[in-house]
Structure formats: structure tokens, C-alpha cells
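A short write-up of the structure that comes next.
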2 protein chains.
Amino acid sequence: MPSPTTIAQKSAALPSSEEIARAIVQGLEAGEFAPGQRLVEADLCLRFGVGRQAVREALQRLKMVGVVDIVPNRGAHILHMTPEQAALTLEVTELLFGLAARTAARRIAAGSGTATLEHAIGELDACADGAAAGDYMRARRHLFGALAQIADNPELTRLLDQTRVHVLRGQFGFAGLRQDHARELAAIGRLVLAGQCAEAEAQARAHVERIRLHLERI
Amino acid sequence: MPSPTTIAQKSAALPSSEEIARAIVQGLEAGEFAPGQRLVEADLCLRFGVGRQAVREALQRLKMVGVVDIVPNRGAHILHMTPEQAALTLEVTELLFGLAARTAARRIAAGSGTATLEHAIGELDACADGAAAGDYMRARRHLFGALAQIADNPELTRLLDQTRVHVLRGQFGFAGLRQDHARELAAIGRLVLAGQCAEAEAQARAHVERIRLHLERI
DNA sequence: CGCCAACAGATTGTCGACAATCTGTTGGCA
DNA sequence: TGCCAACAGATTGTCGACAATCTGTTGGCG
């Protein structure tokens, strides 16, 4: 188990359409795709150097994840997310993140992969006193992944992975709070490591709710 | 708003790949596809009378929803779900269904579409004293749809719709309890209509938990 | 007799081309 | 001038064909 991040075989036999979907999300993360922007298939073909079939499959996936919307004869565009919708999304995220923290804390004794969790906590600590946005997002992704892995609930893992995508889309201006968030997430990770189910869940939910309330104040 | 069920234009301009995905889920519902069964693209093409592109897009969607698993050069197969995994899935379902019931109950005064909810409750009442499995599943789907519509939370709607698919896959042998379930769901619907947030959520979660416990006893 | 390599069939991954649909523009007409 | 119809460009929807990969089988060799 060398890499804690989502696997991406370095240069061999990738399903291509999965790679495209991932790249589009990364592009969204990097701000290259704006919400509401239209995604023309031909453009994506040129950009990624693949055929339209792969692009279409990637778009279908992103539609199911809620990243893009596809209107039948009119193509795909990045789903626009208003602060209100982001707040509603966080209502769901709160539940899922809480369940993940609680379940992971309950199973922490069962053995599997505390190493990845400790690694993620370390990254978050590194972000606690200033870091680039990309580093923080990566660290958070690692924490989510570690919790999902430990929780060992396939359905939760699936939904949490989708959630991860949405959270970043809800970032309307939290640049100032990034360090606080990193500290909070690290604390949650430590609670999980300590096996404190109830407290871990409560803190996880509180973390998400704080974000939601801050969002509703705009 | 004529049809409370998920829209399916009768015979005009269907996105085709979406139609295929829906048909596969229906086939699963009808028991024509067994868990673990392999889905060969060419077979599906013949069965639905479309090209492979549409089939592939449908499979990509179903993969994101967690219905099928796709192994890179080896095709797609229906995801096998053990009773243990079904129980884990229900842990997540419990949260989502509870949130849907609570939110719908809170917003019931806000106006939109109590008619569809009342309709779903009527269908469930009809199932309370004996009905075919298909009728019950349809009624339950309508209840879920009505709650999602009233809750008016896009993210919740999306995940609840995915959940709906999984629930039916977790039906390992509830034939005898079907009538009880119908009664419970109808009661939950009425609590929502009455605007009883807390009680609606509690009953919704209790309903799912009963199913989960029954499942773990096997 | 058992094991490994080469082969044949089946299936998936990818690309290019054509048809159907939509969007914005032009031209005619009251 | 203002409005509606026809048109051209762009984009999506669909299909067929070929290449790459995998699976199971056959044949040869130790």
C-alpha cells in the first residue's frame, strides 16, 4: 500500500475515460473551469488528446456525481452552485462525514491502515500554519480517504468520494479560515485514532456545520 | 406536474443511454439480472436495439451509482451484495432517509406538492393489506420521490435516488414483511404531512434500522 | 505425465464518419 | 420598422469498423 492517495497508475493501462473525469475535476479545482461554463466535447477531445467516446463517458460519470449537467441535445455544462445550494449540500455532507468519523473510530482497533490516517494528520498539521490551497485540499482528501478506508463501508466510501468533489465546489471564499479548518480536521483525525466514536462524530459534524453557518451568513 | 414518478417521456426524444441505464435497473428489479452476472456489451446492444456507445455510457453511469463494477479490459458485472454489505449500505440509507423525512416535514408548510406525497401515501395504504412486490416497490419509490421533491435539496434528491436503487438490491427475503413496511412508510408520510420534523425523522430512521437489524440476524 | 508457449475466439477500447438537432443570422414581407 | 421563415454553422447523437487485450485451448517439450 504505497500511496495513500487515490490510485493513479503512473503510465500504464488507464481506463482513459476515468482519467478524463478525474482531469476535469482537477481542472475545476485549479479554476480552469468556471461554474456554468459549457463543456464542448470537441474541445475536451483536443485538450486531452482522446476521442469523443472517452469524453462522453467521462461526462456521463460526472453527471451522476453531480458535477455537470447534461441537457439532451445541448451538451454539458458545469453545474452552477449557489451559496444556498452549497449550504444544502453541506447538510448531507455533515451526516456522511459524521458517520465516517464515528465508524472509523469504532473500527480503529480492528487494524487496517492507521498509517494512512496518521499520514493525513501529519499533512494537515503541516497546513495548520499556512499552506497553499492545493496542499490543504490534498491533505483533506487524504483524510477523507483514510477515514473511508478504515470505516470499511463500501457505500459510505462511494458517497464520501462524491462528497469530496462537491466540498471543493462550495469553496466560496474560505481562504482565511483554511488554517483553522486544517487544525479542526487534524483534531478529528486524532479523535478517530483514539477510538473516541461519539466525540469524533460530534466534532466532524460541528466542523461541517460551522462551514455551513458561515456560508449562510453571506 | 402530471406524473409523480420519475419522468419518462412516453415515446419522444429520449436520451437513450439514460433509458438503457433505467432499463437495466428495471431488469435487476425484475430479477432478470442476477448479482455477479456479467454484462456483455454486445448482448445489451441486441437486447435494447442500440449501439455500443449508448450501452457503454449507461454502464459508466451505473458504475458511479454503484450498481455495476467495471474492470478495465474485462467488462462490467452486476455488483454482488452480501447481507453484510447490505447492512452497511442501510447505515447510510438510514441517515439520508431520516434527513429527507425531517427536511420534508419542516418544509411541508412552504407549499410545494403535498399532492404527490398524499398520492404516495394512498398507494402505500393500498399495499398495506397485500400487494404484488412491484406495486410496493413503486409506491415506495413514489414516497421517496415526494419527500425529495418537498425537501427541495438537490444533493439529497440525487443521493436518495441512488439509494432507492440499492434498497431494492438489498431485498434478501422480506416478502413476509412487505405489508408491515408499507404501513410504516405510510405512517412516516403522514408524519411529514403533519409537519412533525423530529418524529418523522425518528420513525424513518427506526424503519431503516429495523430492516438492518433483521438483515444482520441472517 | 505435467508444464509452458503459441494460438483462436471472444470482448473491450478507440477512432472516424454521418445523421439529427439546436443556435444565431439573414432575408423577405406586411 | 418589426416580425416570421429559411438557412448556415456548430454541436450532439448514433453507428460501424479496426486495434488492443483477455480467456480458454491446443500442441510441443522436458
Side-chain angles (χ1 to χ4, degrees), chain A residues 6-24 27-28 32-80, chain B residues 6-24 27-28 32-80:
Chain A
T6 319
I7 295 173
Q9 278 104 340
K10 46 193 74 170
S11 64
L14 14 156
S16 122
S17 77
E18 175 150 357
E19 209 60 23
I20 306 282
R22 195 177 299 273
I24 291 178
L28 196 66
E32 303 175 43
F33 297 117
Q37 174 177 340
R38 201 168 150 210
L39 295 179
V40 179
E41 296 178 0
D43 293 352
L44 297 175
C45 291
L46 262 64
R47 175 175 182 138
F48 297 113
V50 296
R52 276 199 339 153
Q53 177 130 11
V55 167
R56 285 181 64 86
E57 286 175 11
L59 290 177
Q60 295 293 331
R61 293 168 90 133
L62 293 179
K63 171 179 174 161
M64 294 317 274
V65 180
V67 173
V68 308
D69 187 30
I70 299 182
V71 190
N73 277 297
R74 300 175 54 190
H77 54 268
I78 304 225
L79 210 50
H80 183 69
Chain B
T6 320
I7 294 175
Q9 280 106 337
K10 47 195 73 173
S11 62
L14 15 156
S16 134
S17 77
E18 175 150 357
E19 209 61 22
I20 306 280
R22 195 179 299 274
I24 291 178
L28 197 65
E32 303 176 45
F33 297 117
Q37 174 176 342
R38 200 167 151 212
L39 295 179
V40 178
E41 296 177 0
D43 294 352
L44 297 174
C45 291
L46 263 64
R47 175 175 181 136
F48 297 114
V50 296
R52 273 184 49 206
Q53 176 129 9
V55 167
R56 284 180 66 85
E57 286 175 11
L59 290 177
Q60 295 292 333
R61 291 168 94 133
L62 292 179
K63 172 183 172 155
M64 293 318 273
V65 180
V67 173
V68 308
D69 188 30
I70 299 182
V71 190
N73 276 298
R74 301 175 54 188
H77 55 269
I78 301 212
L79 211 49
H80 183 67

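Chain naming here is simple, since letters A, B, ... match the order of the sequence lines and numbering starts at 1 in each. Source: prediction; values computed, not measured. Just the heavy atoms: all of them, side chains too, but no hydrogens, waters or symmetry mates, feed the values below.
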To the nearest angstrom, the CZ-P distance between A:R38 and D:dA10 comes to 12 Å

side-chain contact (heavy atoms from CB on, under 4.5 Å) filter on A:R56, not counting sequence neighbours, yields A:E41, B:Q53, B:E57

Sorted by number, residues from residues 47-61 of chain A placing a heavy atom under 4.0 Å from DNA chain D are A:R52, A:R56

Exercise for the section: Would you indicate what A:L39 reaches in the nucleic acid, counting non-hydrogen atoms under 4.0 angstrom: base, sugar-phosphate, or nothing? Expected result: sugar-phosphate

Taken in chain and number order and not counting sequence neighbours, the residues that satisfy salt bridge (Lys or Arg N to Asp or Glu O under 4.0 Å) with B:R38 are none

Rounded to whole Å, CG of B:D43 lies from P of C:dT12 at a distance of 8 Å

Atom CD1 of A:I20 and atom C1' of C:dC15 are separated, to the nearest Å, by 14 Å

Between NZ of B:K63 and C1' of C:dG13 the distance, given in whole Å, is 14 Å

For A:I70 and A:L59 the tightest heavy-atom approach is CD1-O, 3.8 Å

Can you find a side chain N or O atom of A:S17 that sits less than 4.0 Å from OP1 or OP2 on C:dG13? no

Sorted by chain and residue number, the side-chain hydrogen bond (donor to acceptor under 3.5 Å, both in side chains) partners of A:E32 (sequence neighbours excluded) come out as A:R47

Dot-bracket assigned to DNA chain C with the 3.5 Å Watson-Crick/G-U criterion, [ ] for crossing and | for other-strand pairs, is ||||||||||||||||||||||||||||||

Below 3.5 Å between N/O atoms, which protein atoms pair up with nucleotides 21-23 of chain D? Just atom names and distances, please.
| from | atom 1 | to | atom 2 | distance (Å) |
| --- | --- | --- | --- | --- |
| D:dT21 | O3' | B:N73 | ND2 | 3.4 |
| D:dT23 | OP1 | B:R74 | NE | 2.9 |
| D:dT23 | OP1 | B:R74 | NH2 | 3.2 |

Rounding to 0.5 Å, atoms CG (A:L79) and CG (A:L28) come to a distance of 10.5 Å

Taken to the nearest whole Å, CD1/B:I70 to P/C:dT11 is 17 Å

Residues 62-79 of chain A vs salt bridge (charged side-chain N to carboxylate O under 4.0 Å, His left out), sequence neighbours excluded, gives A:K63-B:E18

